[in-house]
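Quick note on labels: first sequence line is chain A, next is B, and so on, each numbered from 1.
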Amino acid sequence: MINNYLIYYPKSSLRDEWENVLMGYANRTKIGIVSKMVPIIGNLSVAENILVAAYYHHKVSYKEGMKLVISDLKKFGMEHHVNSRSNQLNDFETFIVKYLQVKYLCPEWIVFISPRRMYVADYEDKFHEFLRCEDIAKSVIIEHESNRELFSDMKEYTEKDFNRWATQDLKI
Amino acid sequence: MKQIIQKLGSSAIETALFYFGYFSFTLNFLKGCFNSHLLNPSVKLVFVRQIYFTGVQIIPMFSVISIVLGLALVGGLTSFLVQFGAQDRVGEVLVLITIKHLAPLVTAILLTLRSSSAVTAEIALMKMNREINTLKSLSINPFVYLYIPRILSGIVCMGALATIFVYISIIGGYLILSFNLNISFDFLIQTIFDAFNFRIVLVFLIKVILLGYFTMSIPIYSALQVDNAVTEIPIALLKGMLRLFYAIILVTLIGELI
């Protein structure tokens, strides 16, 4: 059963409305949001940003956490950024850090809100490669309908209505 | 006339809103102190780091200021009292001035200048950049992760630095001026211990705890009033420092009443 969904919005006000709903839901239970509206924390390093949720919720030890982070960063060719701050990363690297931050939270769902707004067009291929290679059990991409063709080759994702997803899967 | 009334009204509403908001912030702080996540290693790390930024990095500057004030206090006051044959009262005067008044006040002023302003800017920027929302989206309570460790470190550093101030100012002041004073160090310490009583310690502790709480909580609360504009950060800084100044006066008055 495919649990990866694509949800399109016609106007940004609707996306903001959905994002607010999801943010409220994220406070209570674990739903990981990767969005431009949820930036990485400026006064923490990349490793600290990624591990902040894991340290807080899962009490991962520092040594164990760092080992996991370095191996994950290596996968994306970013191991040299382990001690960098947010201003030393490019758009796509920031996106990856946000994703890893959410991944270490171990949420039931990972929601990418307007991923296309988070990086410049040069990284389009890298983003598709990321989606193909990364094994995410339950993920949702919420994107503007004008970017529909960018996801046309994503066989792992099926299109769904936001309200149906919210009521059927999230039980909101 | 209408404008004056409007101005008075709006400032009264703003003040009332501040007190109401700050009161609920304090209640949340007290509630948060019993949160099990407070013992989490990540929260402890934030606490330890804040202790380092607030209490350790300040030590060189703090020591110099303590010695300078110690010179004026121990040197000036002691030689003045000795001159008038009141050397028996040296300890009493030093305890009263240094421990009860000067140590908490000087520490609060230095922490305000160095750490409170930094904390206001840090939290205001985090609020403006929606980084606090990031914590919420990761199911991390910002009160437990961000605010409480900073406030607790403020209280701990205030206590530790005020105690260091007492030691440095009295011992440093005496050692530098010992050639000029007609009393021995043993005599000075003896008179200080004789003048020491429970009430002085109580006032010192109350002042240190209240000032420690205010030096961190007022800047944090003021920083949280920032919305999306960068221009709101200096306003929050200004308001926070002004409120903190009033709080320091209030605590000084409370100390006098006890």
Side-chain angles (χ1 to χ4, degrees), chain A residues 16 18-45 47-66 85-87 94 97-113, chain B residues 28 31-32 35-54 57 115 117-150 153 216 219-220 223-224 226-228 230 233:
Chain A
D16 295 342
W18 292 349
E19 187 155 11
N20 285 336
V21 171
L22 293 174
M23 278 292 286
Y25 192 69
N27 274 336
R28 292 192 297 274
T29 50
K30 287 192 187 143
I31 169 170
I33 300 173
V34 183
S35 160
K36 201 170 186 161
M37 297 297 282
V38 201
I40 59 172
I41 298 162
N43 57 6
L44 296 182
S45 69
E48 286 168 336
N49 257 297
I50 294 170
L51 286 167
V52 68
Y55 281 155
Y56 190 83
H57 293 293
H58 312 303
K59 292 176 184 157
V60 178
S61 74
Y62 176 80
K63 217 172 158 183
E64 191 189 340
M66 283 306 279
R85 299 282 162 136
S86 58
N87 59 344
T94 307
V97 175
K98 272 186 214 179
Y99 163 70
L100 289 175
Q101 192 177 53
V102 161
K103 184 186 160 187
Y104 278 67
L105 173 69
C106 304
E108 197 186 340
W109 289 89
I110 294 183
V111 185
F112 299 94
I113 301 176
Chain B
N28 279 331
K31 215 169 79 182
N35 193 308
S36 61
H37 276 115
L38 213 58
L39 300 171
N40 194 298
S42 62
V43 180
K44 278 184 199 164
L45 186 70
V46 177
F47 173 73
V48 171
R49 273 187 184 172
Q50 196 59 45
I51 291 268
Y52 174 73
F53 294 134
T54 309
Q57 284 189 336
S115 295
S117 48
V119 165
T120 314
E122 184 193 19
I123 301 290
L125 268 171
M126 284 187 83
K127 173 89 193 306
M128 200 196 74
N129 290 335
R130 298 184 299 267
E131 288 171 13
I132 292 172
N133 278 356
T134 302
L135 290 176
K136 285 180 188 168
S137 80
L138 295 168
S139 304
I140 295 173
N141 183 347
F143 237 96
V144 174
Y145 184 76
L146 273 185
Y147 316 145
I148 293 178
R150 279 168 176 76
S153 79
M216 286 293 166
I220 292 173
L224 289 175
V226 167
D227 272 331
N228 295 327
V230 187
I233 295 177

note = Max heavy-atom pairs within cutoff under 4.5 Å with chain A, candidates B/Leu45, B/Val43, B/Asn141, goes to B/Asn141
I'd like to check [X] versus [Y] (side-chain heavy atoms, cut-off strictly below 4.5 Å). Are they in contact?
{"X": "B/Leu135", "Y": "A/Ile41", "value": "yes"}
{"X": "B/Met126", "Y": "A/Asn43", "value": "yes"}
{"X": "B/Asn40", "Y": "A/His57", "value": "no"}

task = Please round to the nearest 0.5 Å and tell me the distance separating atom OG1 of B/Thr134 and atom CE of A/Met37.
result =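 Rounded to the nearest 0.5 Å, the OG1-CE separation comes to 10.0 Å.
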ask   = Which value, rounded to the nearest 0.5 Å, describes the distance between B/Ser139 atom OG and A/Tyr25 atom OH?
value = 10.5 Å
message = Please find the pair of heavy atoms, one from B/Arg130 and one from A/Pro39, that lie closest to each other, and give the distance.
response = O-CD, 3.6 Å
Heavy-atom closest contact (A/Leu105 atom, B/Ser137 atom, distance) = CD2-O, 4.3 Å
Chain B heavy atoms under 4.5 Å from [X]: which part of the residue, side chain, backbone, both or neither?
{"X": "A/Gln101", "answer": "both"}
{"X": "A/Val52", "answer": "both"}
{"X": "A/Ile40", "answer": "backbone"}

query = Going by the angle between their ring planes, with limits at 30° and 60°, are A/Tyr56 and B/His37 parallel, tilted or perpendicular?
reply = parallel
